Trainee: 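Quick one: the structure is below, questions incoming.
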Amino acid sequence: MEPDGESPPVRVWRDWLLVAGVAGTAMAEVVVRDDMVWRPVGVVFGLTLALTMLWRRVRPLAAVGLGFGGLMVVDLAAVFVGGEPFSLYAGTFVVVLVYSLFRWGTSRQTAIGLAIVLLEWLVAVTTDFPGVADASGGLVVLLFPAVLGVLVRYQRIVRTQRVERVRFHEREMLARELHDTVAHHVSAIAIQAQAGRFLASSRDLDGAARALEVIEGEASRTLAEMRSMVGSLRRGNGTPEVFAQRGVADIEGLATGEGDQGLRIDVEQCGDLNDLRPSVEAALYRVAQESITNAKRHARHATQVHVLVDGGTDTVRLSVSDDGERGLSNSRVPGYGLVGMAERVTLLGGTLEAGPGPDHGWTVHAVIPRREALA
């Protein structure tokens with residue numbers, strides 16, 4: 001048993017209620033009970049037990065040592081003196097200390113504390129044997145708070161781990177979205193900036209102006225998507241809505257016309273592309289976007305990228321291929337983009353293959369099930 005990383009509260013209102021209950025019960029017994037022996041001891045023990053309720057969480061082993069150790073001392077003293085056994089009904093509050101020990105204590109503390117509890121139980125039944133049934137019942141009463149403390153402790157641990165897994169998954173999603181969104185637009189900006197420099201040096205000011213317009217548009221879209229993403233995160237809704245904004249219909253927006261600078265991008269859609277899961281649509285869009293970005297960055301002498309989205313009965317297929325030259329630039333080492341694409345598709349139960357095309361260029365082929373797999 002290890003600490004679950006949760007800091008115990010030092011003081012809560014229940015602690016003061018327990019202090020009042022223990023002290024009040026002990027004082028009432030000292031005053032009212034006719035069979036009460038060692039009344040001064042009852043006062044001291046009752047007040048001491050009441051004070052342990054205030055720091056039973058931060059010092060659980062010390063609280064158990066005082067509570068059960070005090071009971072053990074008076075039990076042995078009663079045997080040594082030979083008088084009537086000492087009893088204090090307020091002493092039943094020691095079960096709260098057992099719960100606190102197993103709820104907040106470390107492995108070493110719980111082992112030592114359990115030994116103290118069992119030793120006091122053994123001393124109690126030896127010095128004043130109540131019978132097998134009562135002795136066994138008393139042991140159950142002592143061990144029940146221990147079991148309850150362990151259950152509450154591990155319930156909190158499981159809950160904390162579940163929250164951490166959700167946070168880790170959200171961080172992965174955010175990392176993929178940042179890469180896919182920002183990298184795509186920044187790549188377009190870099191390519192247009194290179195084209196603008198070339199056109200400016202060749203005195204083609206109209207072409208340079210068009211390149212600057214494209215850069216301005218891409219920068220504006222990047223800023224808008226970043227603001228949307230940050231706004232979603234600040235609202236704290238757990239799953240930023242920007243993650244599911246793009247879909248199959250948006251893939252057509254990745255196409256470029258005949259007169260556009262850079263690569264010509266053709267998008268073809270066929271088959272049944274209706275009623276797809278939002279997560280599937282988002283994955284298809286991001287895979288297409290990242291594949292086009294990679295073609296712009298790495299495809300040598302490429303003039304065209306072809307994107308095909310084909311909706312079948314059970315799966316949706318996405319193919320992205322370029323007509324660049326095969327060579328060293330096509331022997332791409334998997335980077336964050338390719339890893340992110342594979343993660344997206346795999347999480348949805350699909351497969352992704354990427355590599356040189358049969359004749360030229362580079363091809364990315366993804367297959368994603370239309371429906372979520374049954375558990």
Side-chain angles (χ1 to χ4, degrees), residues 1 8-79 84-106 109-131 133-153:
M1 180 186 300
V10 179
R11 299 284 186 276
V12 295
W13 64 269
R14 293 188 302 274
D15 297 331
W16 298 105
L17 187 62
L18 284 172
V19 169
V22 176
T25 303
M27 295 305 102
E29 288 185 69
V30 170
V31 174
V32 175
R33 284 180 57 186
D34 295 332
D35 60 340
M36 183 75 183
V37 298
W38 300 357
R39 294 180 188 275
V41 174
V43 173
V44 173
F45 178 76
L47 293 178
T48 302
L49 182 61
L51 291 176
T52 61
M53 300 297 161
L54 294 177
W55 37 272
R56 58 193 173 88
R57 297 185 188 87
V58 293
R59 296 288 186 272
L61 179 58
V64 167
L66 278 176
F68 285 87
L71 289 175
M72 194 183 311
V73 169
V74 294
D75 286 342
L76 293 175
V79 174
E84 291 292 328
F86 174 83
S87 65
L88 189 70
Y89 299 147
T92 57
F93 281 91
V94 293
V95 297
V96 178
L97 304 181
V98 178
Y99 170 84
S100 299
L101 175 68
F102 282 83
R103 172 65 181 91
W104 303 105
T106 63
Q109 290 174 338
T110 54
I112 297 174
L114 181 61
I116 295 174
V117 171
L118 294 178
L119 182 59
E120 158 53 17
W121 173 81
L122 184 61
V123 169
V125 298
T126 303
T127 57
D128 186 19
F129 185 66
D134 289 342
S136 301
L139 182 60
V140 171
V141 170
L142 288 176
L143 294 181
F144 176 76
V147 175
L148 184 61
V150 171
L151 290 177
V152 173
R153 181 193 196 102

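The structure displayed is predicted, hence computed values, not measured ones.
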Trainee: Can you tell me how far CD1 of Ile116 sits from CG of Leu119, rounded to the nearest 0.5 angstrom?
Mentor: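 Answer for the CG-CD1 pair, Leu119 versus Ile116, is 8.5 Å.
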Trainee: With heavy-atom distances below 4.5 Å as the criterion, would you say the side chains of Arg14 and Val96 are in contact?
Mentor: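 The answer is no; the side chains never approach within 4.5 Å.
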Trainee: Compare all side-chain heavy atoms of Met27 with those of Leu47 and state whether any distance is below 4.5 angstrom.
Mentor: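 Contact flag for Met27/Leu47 side chains = yes.
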Trainee: If the condition is side chain to side chain donor-acceptor pair (under 3.5 Å), which residues does Arg59 pass it with, not counting sequence neighbours?
Mentor: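 In terms of side chain to side chain donor-acceptor pair (under 3.5 Å), with neighbours along the sequence ignored, Arg59 is linked to no residue.
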Trainee: Can you see which heavy atom on Leu101 is nearest to which on Gln109, and at what distance?
Mentor: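 Scanning both residues completely, I find the closest heavy atoms to be CD1-O, 3.6 Å.
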Trainee: Do side-chain atoms of Arg153 reach the backbone of Phe102 as a donor and acceptor pair under 3.5 angstrom?
Mentor: yes
Trainee: Pairs in or reaching into residues 39-54: which pass side-chain hydrogen bond (donor to acceptor under 3.5 Å, both in side chains), with residues at least two apart or in two chains?
Mentor: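 For residues 39-54: none.
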Trainee: From Leu139 CG over to Asp134 CG, what is the distance, rounded to the nearest 0.5 angstrom?
Mentor: 12.5 Å
Trainee: Check side chain to side chain contact (heavy atoms under 4.5 Å, CB included) between Leu54 and all other residues, then give those that pass, not counting sequence neighbours.
Mentor: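 Leu54: side chain to side chain contact (heavy atoms under 4.5 Å, CB included) contacts with Arg11, Asp15, Trp16, Val19, Leu51.
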Trainee: Of all the heavy-atom pairs spanning Pro145 and Val95, show the shortest one and how long it is.
Mentor: CB-O, 3.5 Å
Trainee: For Ser100, which residues count as a side chain to side chain donor-acceptor pair (under 3.5 Å) partner, sequence neighbours excluded?
Mentor: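 Partners of Ser100 by the side chain to side chain donor-acceptor pair (under 3.5 Å) criterion, ordered by chain and then number, come out as Arg56.
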Trainee: Would you say the side chain of Asp75 lies within less than 4.5 Å of the side chain of Asp128, judging by non-hydrogen atoms?
Mentor: no
Trainee: Side chains of residues 63-70: which donor-acceptor partners sit under 3.5 Å, not counting sequence neighbours?
Mentor:
none

Trainee: Does Leu71 reach the side chain of Val123, with side-chain heavy atoms less than 4.5 Å apart?
Mentor: no
Trainee: Step by step, would you call Leu114 with Leu143 a side chain to side chain contact (heavy atoms under 4.5 Å, CB included)?
Mentor: CA-CA 9 Å; Leu114 181 61; Leu143 294 181; 4.2 Å; yes
Trainee: State which residues pass side chain to side chain donor-acceptor pair (under 3.5 Å) with Arg33; sequence neighbours excluded, sorted by chain then number.
Mentor: Glu29, Asp35, Ser87
Trainee: Would a 4.5 Å heavy-atom cut-off, applied to side chains only, mark Trp121 and Leu142 as touching?
Mentor: yes
Trainee: Testing the basics here: between Ala26 and Ala90, what is the closest heavy-atom pair and its distance to 0.1 Å?
Mentor: N-CB, 3.9 Å
Trainee: Which heavy atom of Phe93 sits nearest a heavy atom of Met53, and at what distance?
Mentor: O-CE, 3.4 Å
